[in-house]
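Bear in mind that the values here come from a model prediction, so they are computed numbers and not experimental data.
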Amino acid sequence: MSLSGKTMFISGASRGIGLAIAKRVARDGANIALIAKTAEPHPKLPGTIYTAAKEIEDAGGNALPIVGDIRDGDAVASAVAQTVEQFGGIDICVNNASAINLGSITEVPLKRFDLMNGIQVRGTYAVSQACIPHMRGRQNPHILTLSPPILLEPKWLKPTPYMMAKFGMTLCALGIAQELRDDGIASNTLWPRTLVATAAVRNLLGGEAAMARARKPEVYADAAYVILNKPAAEFTGNTLLCEDVLVDSGVTDLSVYDCTPGGELGVDLWVESPNPPGYRAP
């Protein structure tokens with residue numbers, strides 16, 4: 001597998017999972033255009049789009065950092081145009097940017113609801129729509145959206161605001177898969193079985209205790225890398241879980257991704273178990 005010479009456009013990759021995916025792809029010598037809002041250091045969040053670009057280049061890739069808000073269609077169009085001008089096209093589109101609030105419908109104000117749905121749903125739509133014309137005719141083009149499988153049993157239908165935003169991303173990705181099937185452009189989603197050690201988990205989901213029950217961002221990055229190397233014309237329209245992808249690809253020991261060796265793992269939203277059915281750690 002190799003993504004050498006490929007060009008990836010990714011949203012929200014200044015830190016965390018998005019940066020981990022970008023660095024994994026960069027190790028093959030790929031070109032990475034990243035659009036994010038963090039131009040200046042944030043008091044509670046590590047890194048900026050420029051420090052991320054440096055890490056991508058140190059990993060072996062070529063980076064194009066672009067400051068922008070993916071809710072702004074003009075900003076997205078400009079970022080995609082810059083990417084195509086510099087790298088000649090787009091092979092991979094990754095919809096990573098997301099905002100989180102786990103409050104209920106009685107707790108989340110409309111302003112926060114609009115933020116989540118603006119970034120998750122409108123942003124996924126805007127970034128995908130802008131990239132698609134430049135992906136047609138490319139060799140093995142992939143769109144990957146970081147969102148969960150859609151589960152409609154009652155226990156999965158909360159918290160309402162965040163559920164709507166994340167399921168909206170998945171619906172967008174699945175619709176794209178059907179519309180672009182004849183174009184040979186794959187569209188799949190990817191979600192972790194466990195908590196993943198990110199600033200959002202530390203700041204919003206329980207601090208260091210939650211981080212101790214998480215897997216490293218590399219579990220997401222390595223799974224994404226496997227998907228992005230699959231034949232786009234055949235592998236599309238799937239809602240996937242990171243650990244399942246890795247085990248199916250031949251990984252036999254998921255414990256290498258655990259932040260706390262031997263510790264109890266926290267299960268993510270819309271998932272019942274931290275490991276695939278039948279998996280047994282060595």
Sole candidate of Ile32, Leu144, Thr83 that passes side chain to side chain contact (heavy atoms under 4.5 Å, CB included) when paired with Met8: Ile32
Looking only at side chains, do Lys37 and Ser14 share a donor and an acceptor under 3.5 Å apart? no
Compute whether any side-chain donor of one residue and acceptor of the other, for Thr239 and Asn188, lie under 3.5 angstrom apart. no
Can you sort out the partners of Arg193 under side chain to side chain donor-acceptor pair (under 3.5 Å), two or more places apart, ordered by chain and number? Asp244
Just do the salt bridge (Lys or Arg N to Asp or Glu O under 4.0 Å) check on Lys155 and Glu272 with the steps written out, would you? CA-CA 11 Å; Lys155 67 179 179 178; Glu272 295 199 85; 2.9 Å; yes
How many angstroms lie between OG1 in Thr160 and CZ in Phe167, if you round to the nearest 0.5 Å? 10.5 Å
Is it true that Asp222 and Arg24 have a side-chain N and a carboxylate O under 4.0 angstrom from each other? yes
Between Asn275 and Ser273, do the side chains contain a donor N or O and an acceptor N or O under 3.5 Å apart? no
I'd like to check the side-chain contact (heavy atoms from CB on, under 4.5 Å) partners of Asn62; sequence neighbours left out, ordered by chain and number. Asn31, Phe87
Measure the CE-CZ distance between Met116 and Arg112 for me, rounded to the nearest 0.5 Å. 6.5 Å
Apply side chain to side chain donor-acceptor pair (under 3.5 Å) to the pair Ser104 and Thr106, showing each step before the final yes or no. CA-CA 5 Å; Ser104 69; Thr106 61; 2.8 Å; yes
So how far is it from Phe9 CZ to Leu64 CG, rounded to the nearest 0.5 Å? 8.5 Å
Considering residues at least two apart in sequence or located in another chain, which fulfil the salt bridge (Lys or Arg N to Asp or Glu O under 4.0 Å) criterion with Asp58? Lys54
Taking the side chain as every heavy atom from C-beta outward, state whether Trp191 and Thr170 have any pair of such atoms under 4.5 Å apart. no
First locate atom OG1 of Thr124, then atom CE of Met169, and finally report the distance between them rounded to the nearest 0.5 Å. 3.5 Å
Might you confirm whether atom CG of Leu157 has over 12 heavy atoms from other residues, nucleotides or ligands at distances under 6.0 Å? yes
Distance check, rounded to the nearest 0.5 Å: Ser128 atom OG versus Met135 atom CE? 8.5 Å
Quickly, which of Ile92, Leu190, Asp91 forms a side chain to side chain contact (heavy atoms under 4.5 Å, CB included) with Leu228? Name it, please. Ile92
Taking the side chain as every heavy atom from C-beta outward, state whether Pro217 and Val219 have any pair of such atoms under 4.5 Å apart. no
